[in-house]
Number of protein chains: 4
Amino acid sequence: MYKHTYKDETVAKGDTYKHIIDSALALVAEFGLEKASLSMIANKAGISKPAIYYYFSSKEALLDHLFNLLFDDYQFDHYFPLETYTKDNFSSLLTDNGLHLLQEYDENPELLKIINHFIVYAGQKQAYDEKLKHTLTEFLDGFRRLLIHGQKLGVIKEGEDLTAKSQLLGLVLDNISSYLLMGIKVESTAVWTQAVSYVMGDD
Amino acid sequence: MYKHTYKDETVAKGDTYKHIIDSALALVAEFGLEKASLSMIANKAGISKPAIYYYFSSKEALLDHLFNLLFDDYQFDHYFPLETYTKDNFSSLLTDNGLHLLQEYDENPELLKIINHFIVYAGQKQAYDEKLKHTLTEFLDGFRRLLIHGQKLGVIKEGEDLTAKSQLLGLVLDNISSYLLMGIKVESTAVWTQAVSYVMGDD
Amino acid sequence: MYKHTYKDETVAKGDTYKHIIDSALALVAEFGLEKASLSMIANKAGISKPAIYYYFSSKEALLDHLFNLLFDDYQFDHYFPLETYTKDNFSSLLTDNGLHLLQEYDENPELLKIINHFIVYAGQKQAYDEKLKHTLTEFLDGFRRLLIHGQKLGVIKEGEDLTAKSQLLGLVLDNISSYLLMGIKVESTAVWTQAVSYVMGDD
Amino acid sequence: MYKHTYKDETVAKGDTYKHIIDSALALVAEFGLEKASLSMIANKAGISKPAIYYYFSSKEALLDHLFNLLFDDYQFDHYFPLETYTKDNFSSLLTDNGLHLLQEYDENPELLKIINHFIVYAGQKQAYDEKLKHTLTEFLDGFRRLLIHGQKLGVIKEGEDLTAKSQLLGLVLDNISSYLLMGIKVESTAVWTQAVSYVMGDD
DNA sequence: CATGAATGAGCTTTCATTCAT
DNA sequence: TATGAATGAAAGCTCATTCAT
């Protein structure tokens with residue numbers, strides 16, 4: 001699961017709105033979706049409980065908003081901009097982009113926590129489930145498109161099982177951040193570098 | 001996260017006890033740790049709420065029991081018995097053992113769900129966090145020991161970064177099951193096969 | 001144990017607040033601190049149970065409030081204002097003030113009941129215990145100060161054991177009200193009058 | 001409230017029975033009548049909860065038994081044996097007997113605590129209330145009979161208000177133990193000595 | 001005699017939600 | 001826009017009690 005730093009676009013809606021969202025994010029990260037109660041959120045936002053209902057019709061609506069905030073602008077291209085990849089920089093850029101993504105999450109452990117809460121919750125809410133599935137699938141697909149691009153550039157051999165290789169990349173990258181989140185020591189740089197070099201056919 | 005089929009040893013304790021545990025497992029899988037209430041569990045078990053307290057001193061104690069049930073006998077050796085690996089079967093056994101693990105979880109999607117709930121909950125309960133960390137670390141370490149064994153057998157080249165390679169194996173295997181759980185289509189066999197062949201230095 | 005008529009100062013807080021306190025006082029008097037449940041209190045106050053939590057953070061907080069209500073403004077001077085005592089009125093004023101106190105409690109048997117419940121409960125809650133001890137000690141001390149004042153006025157002989165005499169006064173007065181509360185017939189006026197005349201050295 | 005050391009006569013009923021009563025007494029002293037639950041009692045007695053029902057038909061029955069145990073053999077004569085009082089020893093014996101009673105309670109603070117719990121509970125249970133009233137009244141009456149005896153012996157003047165004096169004695173003695181129980185420092189010896197000397201007409 | 005197993009009633013507390021203002 | 005006041009529903013938990021064994 002990866003996500004770049006969250007930035008809410010709705011500037012016009014005023015401070016209270018943002019306070020609610022920020023408080024909600026912080027509390028969900030700390031206590032989870034259900035234990036983060038509206039009381040706590042209102043409290044942290046410095047407003048009264050009913051005020052939340054002015055902006056969100058229900059707690060569920062608020063959580064939905066957070067969910068979309070985190071997953072909406074989540075795109076493979078943001079981290080691995082296909083158009084910047086050339087024959088010469090392919091391997092090193094792939095490595096760098098991946099490491100950069102890992103670093104971003106390392107710096108925002110809260111985000112990963114929230115996302116994890118949503119992932120588990122997705123088991124109970126179909127709408128989340130579908131969006132989540134779609135998002136992750138898209139990301140895996142991004143790696144596939146990238147590898148195909150690499151083939152066209154001639155840096156990746158023809159005839160390889162690109163699907164499996166791209167999925168391996170996605171799975172590894174995703175899980176490195178999960179393990180980092182849990183505080184399990186993983187040599188993230190080395191592992192990612194190896195995964196890349198393998199996919200590139202280096203040895 | 002991997003786990004073989006759960007089997008409770010305490011046969012002597014009678015039916016009610018098992019009903020409680022089974023109901024709890026099912027409901028935790030479906031609704032999560034907090035939303036699976038004692039009322040629901042009692043209901044599903046066909047008993048009254050206080051009856052649960054005859055067997056467990058609190059809801060937390062019940063959840064702890066489930067947690068231990070799932071994580072206690074979780075061992076790398078169970079899936080990858082080091083002593084069975086030889087020079088000749090190393091590569092294929094590694095592949096087969098991994099696929100077998102994946103298949104096991106594929107057949108018990110409930111277990112993975114519960115485990116995921118516990119993983120998220122671990123963020124709030126240190127005891128879980130520690131055990132979880134220890135368990136996952138142990139599993140990664142298992143792969144490392146296995147690769148070292150492979151080196152001794154001469155099937156893996158000297159001078160390789162075994163730590164990174166073992167971690168790659170662990171991360172990939174773990175995340176394949178996660179993705180399967182979420183219903184994301186991953187070519188698990190192909191990916192795992194590739195990961196193994198990479199680590200073995202095949203190409 | 002003595003206490004003047006309870007009167008809550010917080011007029012501004014609205015009716016519900018007062019209803020809660022009044023209901024709580026009545027039910028604690030009748031059933032005791034533990035058996036007076038929030039359900040009963042809410043019921044008697046004509047509100048829902050959670051409404052109580054809007055005003056008090058817990059049952060304990062509510063009981064604490066009652067406790068303070070009863071003991072806070074409990075002062076010896078309120079019943080025996082030292083500055084009003086003169087050489088001429090000393091004996092009769094001491095008698096009158098005591099009788100007045102007894103009468104007050106006679107007219108508010110509920111208060112004494114509640115106080116008794118708190119006294120017993122003090123054995124389990126240190127905060128109550130300390131305040132209670134302090135309050136009663138202060139009252140005994142009040143009598144001592146009063147007798148010293150009497151010595152200065154020349155109505156009480158020098159060289160007497162004022163401590164013992166003052167404690168006798170306090171103990172008698174306190175226990176008369178207890179016995180009255182229990183419905184045990186005590187000739188309160190006669191007993192108190194005798195106690196006073198003894199302390200004054202009359203015969 | 002005064003009470004000599006409790007001693008159960010029912011020896012024949014076996015150990016369990018006594019264990020139950022002892023445990024109940026100890027726990028009632030510590031936690032009060034309601035909070036001392038049958039679970040706790042059974043636990044402390046080293047038996048199972050239903051075992052209590054073999055000896056007592058209900059918790060109330062058990063409490064009733066304790067109540068009677070404490071109040072049944074409560075007699076003024078036990079502490080102040082009228083027949084031992086003579087013209088010569090009257091004053092000193094009265095003093096000594098009272099001090100002895102106080103000392104007894106001082107050495108058994110548990111008993112006083114339990115008795116206090118019952119006194120408060122008496123407000124809710126008429127049967128207790130009546131017995132309690134009767135017991136206390138009897139004690140006050142005992143002092144009256146003693147003073148009358150003193151008059152006959154010629155150590156107390158004729159024409160005195162013996163009722164008020166006897167009540168004063170009873171109230172003082174009773175409340176001294178209460179205050180001692182609460183941990184309020186009272187010069188018990190001095191106060192009681194004064195009370196006696198007053199009643200005797202000494203000065 | 002005594003217990004393991006179980007229950008209904010009731011407890012304090014928290015929650016998302018509503019509504020008049 | 002925002003809040004004070006209140007609520008129904010449900011949570012985890014404890015208790016006195018029962019009953020077959």
Side-chain angles (χ1 to χ4, degrees), chain A residues 13-17 19-20 34-42 45-63, chain B residues 13-17 19-20 34-42 45-63, chain C residues 13-17 19-20 34-42 45-63, chain D residues 13-17 19-20 34-42 45-63:
Chain A
K13 285 213 178 178
D15 281 351
T16 301
Y17 181 68
H19 285 342
I20 292 172
E34 353 242 4
K35 278 210 170 169
S37 75
L38 292 186
S39 305
M40 294 163 72
I41 295 168
I47 56 168
S48 73
K49 230 190 312 180
I52 296 175
Y53 284 86
Y54 183 79
Y55 297 97
F56 301 97
S57 62
S58 66
K59 185 184 181 182
E60 201 185 14
L62 169 55
L63 294 185
Chain B
K13 280 213 179 178
D15 282 350
T16 302
Y17 181 69
H19 286 342
I20 292 173
E34 349 240 7
K35 278 213 169 168
S37 76
L38 293 186
S39 305
M40 293 164 72
I41 294 169
I47 56 169
S48 71
K49 224 189 319 179
I52 296 176
Y53 284 88
Y54 184 79
Y55 297 95
F56 299 97
S57 61
S58 66
K59 185 185 181 183
E60 201 185 15
L62 169 55
L63 294 185
Chain C
K13 280 212 178 180
D15 282 351
T16 302
Y17 181 69
H19 286 343
I20 292 173
E34 351 240 5
K35 277 212 170 167
S37 77
L38 293 185
S39 304
M40 293 164 71
I41 295 169
I47 57 170
S48 72
K49 226 189 317 179
I52 296 175
Y53 283 86
Y54 184 78
Y55 297 95
F56 299 97
S57 61
S58 66
K59 184 184 180 182
E60 200 184 15
L62 170 54
L63 295 185
Chain D
K13 283 212 178 179
D15 281 352
T16 302
Y17 181 70
H19 285 343
I20 293 173
E34 354 242 4
K35 278 210 169 167
S37 74
L38 292 185
S39 306
M40 294 163 72
I41 295 169
I47 56 168
S48 74
K49 228 190 315 181
I52 296 175
Y53 283 87
Y54 182 80
Y55 297 96
F56 301 97
S57 62
S58 67
K59 186 184 180 182
E60 202 185 12
L62 169 55
L63 295 185

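Just so it is clear: chains get the letters A, B, ... in the order the sequence lines come, proteins before strands, and each one is counted from 1.
With sequence neighbours left out, Tyr53(B) forms a ring pair (Phe, Tyr, Trp, His ring centres under 6.0 Å) with no residue at all. Residues forming a side chain to side chain contact (heavy atoms under 4.5 Å, CB included) with Ser57(C) (at least two apart in sequence, or on another chain): Ala61(C). Here Glu34(C) pairs with nothing under the side chain to side chain donor-acceptor pair (under 3.5 Å) rule; sequence neighbours left out.
The phosphate of dA6(F) has OP1 or OP2 within less than 4.0 Å of a side-chain N or O from Thr16(C). Contact annotation: Tyr55(D) reaches the phosphate of dA2(E) (side-chain N/O to OP1 or OP2, under 4.0 Å).
To the nearest whole angstrom, the two P atoms, one in dT21(F) and one in dC1(E), are 22 Å apart.
For Ile20(A) and dT1(F), the CD1 to C1' distance is 11 Å, given to the nearest whole Å. Rounded to whole angstrom, the span from the CD1 atom of Ile52(C) across to the P atom of dA6(F) amounts to 11 Å. Here dG12(F) presents its C1' atom at 12 Å from CG of Leu63(B), a figure rounded to the nearest Å. As a whole-Å value, the separation of Phe56(A) CZ from dT1(F) P is 14 Å. Tyr17(A) places its OH atom 13 Å from the P atom of dT1(F), with the value rounded to the nearest Å. Whole-Å rounding puts the Tyr54(C) OH to dA6(F) P distance at 8 Å. The distance from atom CD1 of Ile41(C) to atom P of dA6(F) is 16 Å, rounded to the nearest whole Å.
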Take nucleotides 15-21 of chain F nucleotide by nucleotide from the 5' end and write B, S or -, depending on whether a protein heavy atom sits under 4.0 Å from the base, only from the sugar-phosphate, or from neither. BBBBB--
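We find the OG-NZ distance between Ser37(C) and Lys35(C) to be 11.0 Å, quoted to the nearest 0.5 Å.
Of all nucleotides listed (dA2(E), dT7(E), dT3(F)), dT3(F) comes nearest to the side chain of Ala51(A).
Residue pairs meeting the salt bridge (Lys or Arg N to Asp or Glu O under 4.0 Å) criterion with at least one member in residues 51-60 of chain A, sequence neighbours excluded: Glu60(A)-Lys125(A).
Using bins of under 30°, 30° to 60° and over 60° for the plane-to-plane angle, the ring pair Tyr17(A)/Phe56(A) lands in the parallel bin.
When all heavy atoms of Ala51(B) and Ile20(B) are compared, the closest pair comes out as O-CD1, 4.4 Å. Shortest non-hydrogen contact noted between Leu62(D) and Ile52(D) is CD2-CG2, 4.4 Å.
With a cut-off of 3.5 Å on both pairing distances, the Watson-Crick and G-U wobble pairs of DNA chain F assemble into stems of 3 or more at E:2-21 with F:2-21.
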